[in-house]
Amino acid sequence: MPTDTIRFLGHPFSALIIATLLAIYFLCLRRGMSRDKVLELSTKALGPAGIIILITGAGGVFKEVLVDSGIGKILAESMAGSSLPPIFLAWLLAAIVRITQGSATVAMITAAGIMAPLIQEMGLTDPHRALVVLSIASGATLLSHVNDSGFWLVGKYLRMNEKQTLQSWTVMESIIAVGGLATTMLAGLFI
């Protein structure tokens with residue numbers, strides 16, 4: 001097989017479509033399920049996934065707007081002279097993006113993009129860089145809410161309404177975020 005064909009088949013979109021079509025064929029049509037039943041089952045299964053993909057895609061677009069507009073570079077330059085420790089600053093950036101935008105993935109990518117020039121300027125050691133990465137991941141977990149695909153996954157699969165998901169999932173995610181910040185700040189004192 002040519003390399004381009006392998007890349008095409010291995011691309012996440014292609015792989016998901018192929019896997020879905022194979023599942024429909026082998027698990028539904030070959031077992032004698034009617035086309036109407038397959039349509040009903042597919043709509044029920046793929047509908048929530050479509051919403052999640054839409055929210056995550058919108059988050060990726062937001063990140064690109066931040067990066068392409070130069071806001072990330074401006075923020076990095078203005079924060080370079082900040083008296084905040086880089087570990088806390090990374091956590092704070094990820095947390096702000098997470099709260100305002102919703103997606104943990106987008107929050108991590110955006111915070112990492114903003115922090116990369118800062119890390120270069122500050123000349124951090126490898127262990128401190130690792131703590132900044134952990135700090136970004138911790139900050140990106142803070143306050144999961146309705147703009148987060150994980151919020152909906154947990155809520156839908158555990159059959160919780162929005163209020164119950166906020167009271168359980170969001171609180172748990174926030175505890176993880178604050179605990180991660182405390183752990184990375186404490187570890188930073190010993191490195």
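For the pair T141 (side chain) and S138 (backbone), a donor-acceptor distance under 3.5 Å is present. Of the possible donor and acceptor atoms, none in the side chain of H145 sits under 3.5 Å from a partner among the backbone N and O of L166. Judged purely by atom type and a 3.5 angstrom limit, S135 uses its side chain to pair as donor or acceptor with the backbone of W91. Distance alone, capped at 3.5 Å, places no donor-acceptor pair between the T170 side chain and the L143 backbone.
Note that the OG1 atom of T43 and the CD atom of E40 stand 8.0 Å from one another [nearest 0.5 Å]. Rounding to the nearest 0.5 angstrom, the gap separating the CE atom in M115 from the OG1 atom in T110 is 13.5 Å. With values rounded to the nearest 0.5 angstrom, S83 atom OG is found 10.5 Å from F88 atom CZ. One finds the CD1 atom of I6 at 6.0 Å from the OG1 atom of T3 (value rounded to the nearest 0.5 Å). Distance check: R7 CZ to L9 CG gives 12.5 Å after rounding to the nearest 0.5 Å. The line from CD1 of I136 to CD1 of I114 is 9.5 Å long, rounded to the nearest 0.5 Å.
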Step by step, would you call E173 with I176 a side chain to side chain contact (heavy atoms under 4.5 Å, CB included)? CA-CA 5 Å; E173 288 275 282; I176 290 172; 4.2 Å; yes
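Proximity of P86 to I119: side-chain heavy atoms (C-beta onward) are nowhere separated by under 4.5 Å.
Annotation for A111 and A90: closest pair CB-O, 4.3 Å, computed over non-hydrogen atoms. What you find for S168 and Q164 is that their closest heavy atoms are OG-O, 2.8 Å. Shortest non-hydrogen contact noted between A107 and A94 is CB-O, 3.5 Å.
Under the side-chain hydrogen bond (donor to acceptor under 3.5 Å, both in side chains) criterion, the residue pairs touching residues 122-131 are T125-H128, with sequence neighbours excluded.
No continuous path of hydrophobic side-chain contacts links V133 to L92 [ILVMFWY only; heavy atoms under 4.5 Å]. M172 is not connected to I175 by any chain of hydrophobic side-chain contacts under 4.5 Å among Ile, Leu, Val, Met, Phe, Trp and Tyr, and they are in different clusters. Placement of L84 and I87 within a single hydrophobic cluster is found when ILVMFWY residues are connected by side-chain heavy-atom separations under 4.5 Å, directly or transitively. No single ILVMFWY cluster, assembled from side-chain heavy atoms under 4.5 Å apart, contains both I99 and V171.
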With a 3.5 Å cut-off and sequence neighbours excluded, list the donor-acceptor pairs that the side chains of residues 180-191 form with protein atoms.
residue : atom : partner : partner atom : Å
T183    : OG1  : G179    : O            : 2.8
T184    : OG1  : G180    : O            : 3.0
T184    : OG1  : L181    : O            : 3.0

Report all side-chain donor-acceptor pairs from residues 13-28 shorter than 3.5 Å, counting only partners two or more places apart or in another chain.
residue : atom : partner : partner atom : Å
S14     : OG   : F8      : O            : 2.9
T20     : OG1  : L16     : O            : 2.8

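With sequence neighbours excluded, no residue forms a side-chain hydrogen bond (donor to acceptor under 3.5 Å, both in side chains) with S34. Residues satisfying the side chain to side chain contact (heavy atoms under 4.5 Å, CB included) criterion with K156, sequence neighbours excluded, are W152. Applying the side-chain hydrogen bond (donor to acceptor under 3.5 Å, both in side chains) test to S144 and every residue at least two apart in sequence or in another chain returns R98, D148, W169.
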